[in-house]
Amino acid sequence: MSKSNRIACNPAATPSSPDRRRSTVGTLRAPPRAPRHPPTPRDLQHSVLPQPASPSADAPRLSATGLACRRGSRLLFKGLAFEVSNGEIVWLRGRNGRGKTSLLRLATGLATPEEGSILRDGLPASQPGRRFVFIGHANALKDDLTVGESLQFLLRLHGRACGPQAVHAALEHMGLHGRRHAMVRTLSQGQRRRVALARLAVEDQDEAPLWLLDEPFDALDVDGVERLNDLLVAHVKRGGGVLLTSHLPLDTARLRPREVDLDGFA
């Protein structure tokens, strides 16, 4: 029996021997409860329900203050503060194991900071808000699907279901239109990366959300790098924000990224 259902007893009023007198105090009974009825429209009209917070259009797309991240017993970084504004690319740098991927997970709300706060559009990253796009280091493709089917599955999984025409256009942008019927298992690593990044060509059609990209240039050849750069430049021109990691050099003259080096916050 749970504690909430136990009846508190007074030992002085509980018979413990035959010669103890029985209490003559009557038992107090609670008045009968009125039957519960569903709320009427009038009740609902006068009730005040809490409203969820809304994203702020004036807030940065992403902001961190006094941020610290721990993995196991190791503190990866602390005291980190930065912003990603509209129309800006921020290049997250640092040595291997410094916490770049962990920071991206904090930005998505998949992890909780050790200290400090991280906000998307003025709301805690763990709360629902405006849409954002996260592409991790893994491509998350299905080997048993064709290239077109796999991209369509990814888009549907992230709430961006679209028709074959949009899927084919995105693959064409990444130079894979001719491989749209090929099985994913037959692709090279660079081609797989292009399929995963083709999401960005669809995501940028009608809005400019925050992009969180973990090593997006990994395994790409020169042509693939240029195609990705085209997407990034077009995205920031439309007012989108980008936070990305890359151990490869960026075309800084074209992308004009602002750098945040986690080595300075170890």
Side-chain angles (χ1 to χ4, degrees), residues 49-69 80-92 99-113 115-140 151-163 166-167 169-170 173-174 196-216 228-246 255-260:
L49 300 178
Q51 298 297 322
S54 300
S56 172
D58 299 328
R61 302 310 301 268
L62 186 72
S63 62
T65 305
L67 197 64
C69 179
L80 177 62
F82 73 96
E83 292 183 355
V84 180
S85 301
N86 292 326
E88 182 181 34
I89 297 175
V90 175
W91 181 9
L92 193 59
K100 299 183 295 295
T101 297
S102 296
L103 177 52
L104 289 180
R105 288 178 57 83
L106 292 176
T108 63
L110 295 173
T112 304
E115 295 176 1
S117 64
I118 184 163
L119 309 177
R120 288 197 317 270
D121 301 302
L123 296 179
S126 57
Q127 292 185 11
R130 295 173 64 182
R131 293 189 68 258
F132 66 93
V133 178
F134 173 56
I135 297 182
H137 195 270
N139 294 317
L151 177 56
Q152 200 162 25
F153 173 78
L154 275 179
L155 291 168
R156 189 182 305 115
L157 185 66
H158 292 88
R160 296 287 291 173
C162 56
V167 169
H173 188 96
M174 294 305 297
L197 293 169
R199 272 183 61 197
L200 301 177
V202 177
E203 294 283 359
D204 208 30
Q205 287 182 358
D206 57 359
E207 58 182 328
L210 173 67
W211 287 0
L212 304 170
L213 310 177
D214 194 2
E215 298 289 349
L228 176 56
N229 283 340
D230 289 342
L231 286 173
L232 293 170
V233 170
H235 183 63
V236 297
K237 282 184 177 179
R238 299 183 61 201
V242 181
L243 176 65
L244 62 82
T245 69
S246 179
L255 300 180
R256 298 182 178 181
R258 183 166 57 84
E259 299 183 19
V260 174

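Basis for what follows: all heavy atoms, side chains included, without hydrogens, waters or symmetry-related copies.
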Please report the shortest heavy-atom distance between Leu154 and Ala140, naming the atom on each side.
CD2-O, 3.5 Å
Taking all atoms of both residues into account, what is the closest heavy-atom pair of Ala198 and Ala170, and its distance?
O-CB, 3.5 Å
Using the test salt bridge (charged side-chain N to carboxylate O under 4.0 Å, His left out), find all partners of Glu259 that sit at least two apart in sequence or belong to another chain.
Arg93
When rounded to the nearest 0.5 angstrom, what distance separates CZ in Phe82 from CG in Leu62?
5.0 Å
Determine, step by step, whether Met174 and Leu200 satisfy the side-chain contact (heavy atoms from CB on, under 4.5 Å) criterion, reporting the C-alpha distance in whole Å, the side-chain angles of both residues, the deciding distance to 0.1 Å, and the verdict.
CA-CA 10 Å; Met174 294 305 297; Leu200 301 177; over 6 Å; no
To the nearest 0.5 Å, what is the distance between CZ on Arg199 and CG on Leu155?
7.0 Å
What do the steps show when you test Leu103 against Leu67 for side-chain contact (heavy atoms from CB on, under 4.5 Å), and what is the final call?
CA-CA 9 Å; Leu103 177 52; Leu67 197 64; 3.5 Å; yes
With side-chain contact (heavy atoms from CB on, under 4.5 Å) as the test, would you mind laying out the steps for Val236 and Leu255 before giving the verdict?
CA-CA 9 Å; Val236 297; Leu255 300 180; over 6 Å; no
Picking from Leu232, Ile135, Ile89, what satisfies side chain to side chain contact (heavy atoms under 4.5 Å, CB included) with Trp211?
Leu232
Ala125 and Leu106 have their tightest heavy-atom pair at CB-O, 3.5 Å
Measuring from atom CG of Leu228 to atom NE2 of His173, what distance do you get when rounded to the nearest 0.5 angstrom?
8.5 Å
Arg61 CZ to Leu212 CG distance, which is reported to the nearest 0.5 Å:
10.0 Å
Got Val84 and Leu210 here, is their nearest side-chain heavy-atom distance under 4.5 Å?
yes
Going through the distances and angles, do Leu119 and Thr65 end up as a side-chain contact (heavy atoms from CB on, under 4.5 Å)?
CA-CA 9 Å; Leu119 309 177; Thr65 305; over 6 Å; no
Which residues pass the side-chain contact (heavy atoms from CB on, under 4.5 Å) test with Ser246, not counting sequence neighbours?
Trp91, Glu215, Phe217, Leu244, Leu248, Leu250
Could you give the distance from CG (Asp230) to NE2 (His235), rounded to the nearest 0.5 Å?
14.5 Å
Just by modelled atom types, is the Ala107 backbone N or O under 3.5 Å from a matching donor or acceptor in the Arg120 side chain?
yes
Salt bridge (Lys or Arg N to Asp or Glu O under 4.0 Å) partners of residues 82-91, not counting sequence neighbours, each pair once
Glu88-Arg258
Can you tell me how far the CZ atom of Arg105 sits from the OG1 atom of Thr112, to the nearest 0.5 Å?
10.0 Å
So, Arg160 side chain and Val202 main chain: donor-acceptor pair closer than 3.5 Å or not?
yes
I need the minimum non-hydrogen distance between Cys69 and Ser102, along with the two atoms involved.
SG-CB, 3.8 Å
